[in-house]
Amino acid sequence: MNDKQGRKLCAPKVLLVQCGYFQQRRLARGLRPPAHSSTLEIPSMKKTLIALAAVAATGVAFAQSSVTIYGKVEAGLQKMNGDSLKMTNIHGSRLGFRGAEDLGGGLQAKFQIEHRFSPDTGMDATYNPGGTNPTTGVVTPASSTFWNGMSTVGLAGSFGEIRLGRYYGANFLGANNKPDPFGGDGAGALRGIGMQTSTLPGYIRTANIIHYSGSFSGVNVAVSTGLKEGAAKAQNSLAVGYANGPLDVGVGTEKGVPGTLTNAYVTYDLGVAKLAFGLGNAKTAAGAKTEGLLLGATIPAGPGKVLVGVAQAKNKATDTTTNQKLGLGYYYPLSKRTALEVTYGRDSKAKTAAGKNVGGADFTLHHNF
């Protein structure tokens with residue numbers, strides 16, 4: 001055996017033999033055993049070595065479990081038409097913990113909890129102080145979802161992964177979020193319009209969820225249901241996709257209290273650019289129908305990448321275009337974990353209260369750990 005510095009160590013059996021050998025030589029020479037020695041020395045050493053072996057074995061078992069601390073701290077400056085310059089938390093600063101334990105036979109127990117916060121104020125990003133609406137008189141109680149990112153426990157194996165708790169709906173992860181070059185964040189974000197996430201904003205994360213995901217020969221499947229638990233109805237979601245080399249294509253749907261959202265996407269990486277196409281169809285609980293379209297591209301440029309895309313939304317009842325947005329951006333990595341990003345967006349159809357086009361720009365610094 002060797003220690004960490006490469007020095008050779010005697011095996012337990014060798015140590016026992018050597019100790020017995022030197023003890024016998026002392027007796028043969030007529031020497032008394034050392035004052036601290038006794039006839040129980042060898043059995044005692046054997047017990048000690050057995051105990052050490054047990055501790056070592058326990059260490060191996062511990063090595064089969066792991067917990068990882070991860071997160072993102074991001075702050076940026078944003079100026080939107082009609083608003084003053086603000087410091088924002090565009091990409092969702094977070095602190096998370098995830099872990100896994102090997103249960104044997106290829107089965108793992110897993111957990112993940114993630115808190116979202118606003119670094120500009122240090123507050124919980126989801127904190128709502130509550131109060132009374134002066135116009136409607138409706139009282140909103142104070143509320144906060146501390147583990148807003150997710151809070152799940154589950155099992156994973158060759159069959160896929162099952163999560164229980166608060167998590168993303170199957171359609172959001174499997175289809176809705178795929179084509180937007182901006183990841184749905186910042187002034188240039190296109191997902192809200194093209195994939196209709198802003199029409200049904202409740203279709204991102206779901207509480208009381210049972211979520212299954214699996215990948216089989218490039219085919220990705222996800223199914224989730226948010227249990228009723230006092231709501232008007234359960235929230236059910238499904239997504240199916242296929243990924244092979246540069247191609248990624250899929251569809252998904254989600255139905256629940258806000259209405260029904262259906263998405264489809266395809267992305268293809270040409271090397272010189274990754275192209276994206278997405279469709280979104282939303283139907284609210286009241287029956288209003290909207291359809292969206294998204295075209296995007298991510299283009300390597302120097303050490304970073306250019307982000308560009310357009311998105312459009314149309315009211316099906318009136319057949320009128322309600323949104324038509326251009327998004328531009330550049331992502332510049334300072335290291336593997338730190339980056340600068342600037343994005344710009346302008347909607348030529350939607351207007352602010354002052355009559356200006358909805359749009360603006362932001363500049364962010366984000367660090368992952």
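In what follows, residues are counted from 1 in the order of the sequence shown.
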Check your understanding: Side chains of R166 and N208: do they bring a donor and an acceptor to under 3.5 Å?
Key -> no
Check your understanding: In terms of side-chain heavy atoms, does N148 have a donor or acceptor partner in T126 at a distance below 3.5 Å?
Key -> no
Exercise for review: Would you please name every residue forming a side-chain hydrogen bond (donor to acceptor under 3.5 Å, both in side chains) with N281, sequence neighbours left out?
Suggested key: none
Review point. Taking all non-hydrogen atoms of both residues, which atom of G327 and which atom of L190 are closest, and how far apart?
Key: N-CD2, 4.1 Å
Point to revise | N263 and T253: side chain donor to acceptor below 3.5 Å | key: no
Practice item. Verify whether one side chain among E74 and H367 offers a donor that lies under 3.5 Å from an acceptor in the other. Key: no
**Study point:** Shared hydrophobic cluster for V306 and Y332 (ILVMFWY, side-chain gaps under 4.5 Å)
**Key:** yes
Review point. Side-chain donor-acceptor pair under 3.5 Å between E254 and N171, yes or no?
Key: no
Review point. Between E114 and Y70, is any side-chain donor less than 3.5 angstrom from a side-chain acceptor?
Key: yes
Check your understanding: Pick one: which of Y127, F146, F97 meets ring pair (Phe, Tyr, Trp, His ring centres under 6.0 Å) with H115?
Key -> F146
Practice item. Side-chain contact test, heavy atoms from C-beta onward, threshold under 4.5 Å: evaluate it for T267 versus K274 and give yes or no. Key: yes
Practice item. Give a yes or no on whether K356 atom NZ has more than 12 heavy-atom contacts from other residues, nucleotides or ligands under 6.0 Å away. Key: no
Check your understanding: Are the charged groups of K178 and D248 less than 4.0 angstrom apart, N to O?
Key -> yes
Review point. Among the clusters formed by ILVMFWY side chains lying less than 4.5 Å apart, do V266 and I299 turn up in the same one?
Key: yes
Exercise for review: Taking atom NZ of K72 as the centre, report whether more than 12 heavy atoms of other residues, nucleotides or ligands fall under 6.0 Å from it.
Suggested key: yes
Exercise for review: Consider only side-chain N and O atoms of E101 and Q108, and report whether a donor and an acceptor are under 3.5 Å apart.
Suggested key: no
Point to revise | Residue pair R163 / Q112, side-chain donor-acceptor N/O under 3.5 Å | key: yes
Practice item. Would you kindly say whether N236 and K255 are connected by a side-chain donor-acceptor distance under 3.5 Å? Key: no
Check your understanding: Side chains of T322 and N315: do they bring a donor and an acceptor to under 3.5 Å?
Key -> no
Exercise for review: Return yes if a side-chain donor-acceptor contact under 3.5 Å exists between N357 and D347, otherwise no.
Suggested key: no
Practice item. Mind listing the closest non-hydrogen atom pair of Q78 and T88 along with its distance? Key: CB-CG2, 3.8 Å
Practice item. Consider only side-chain N and O atoms of T321 and Q324, and report whether a donor and an acceptor are under 3.5 Å apart. Key: no
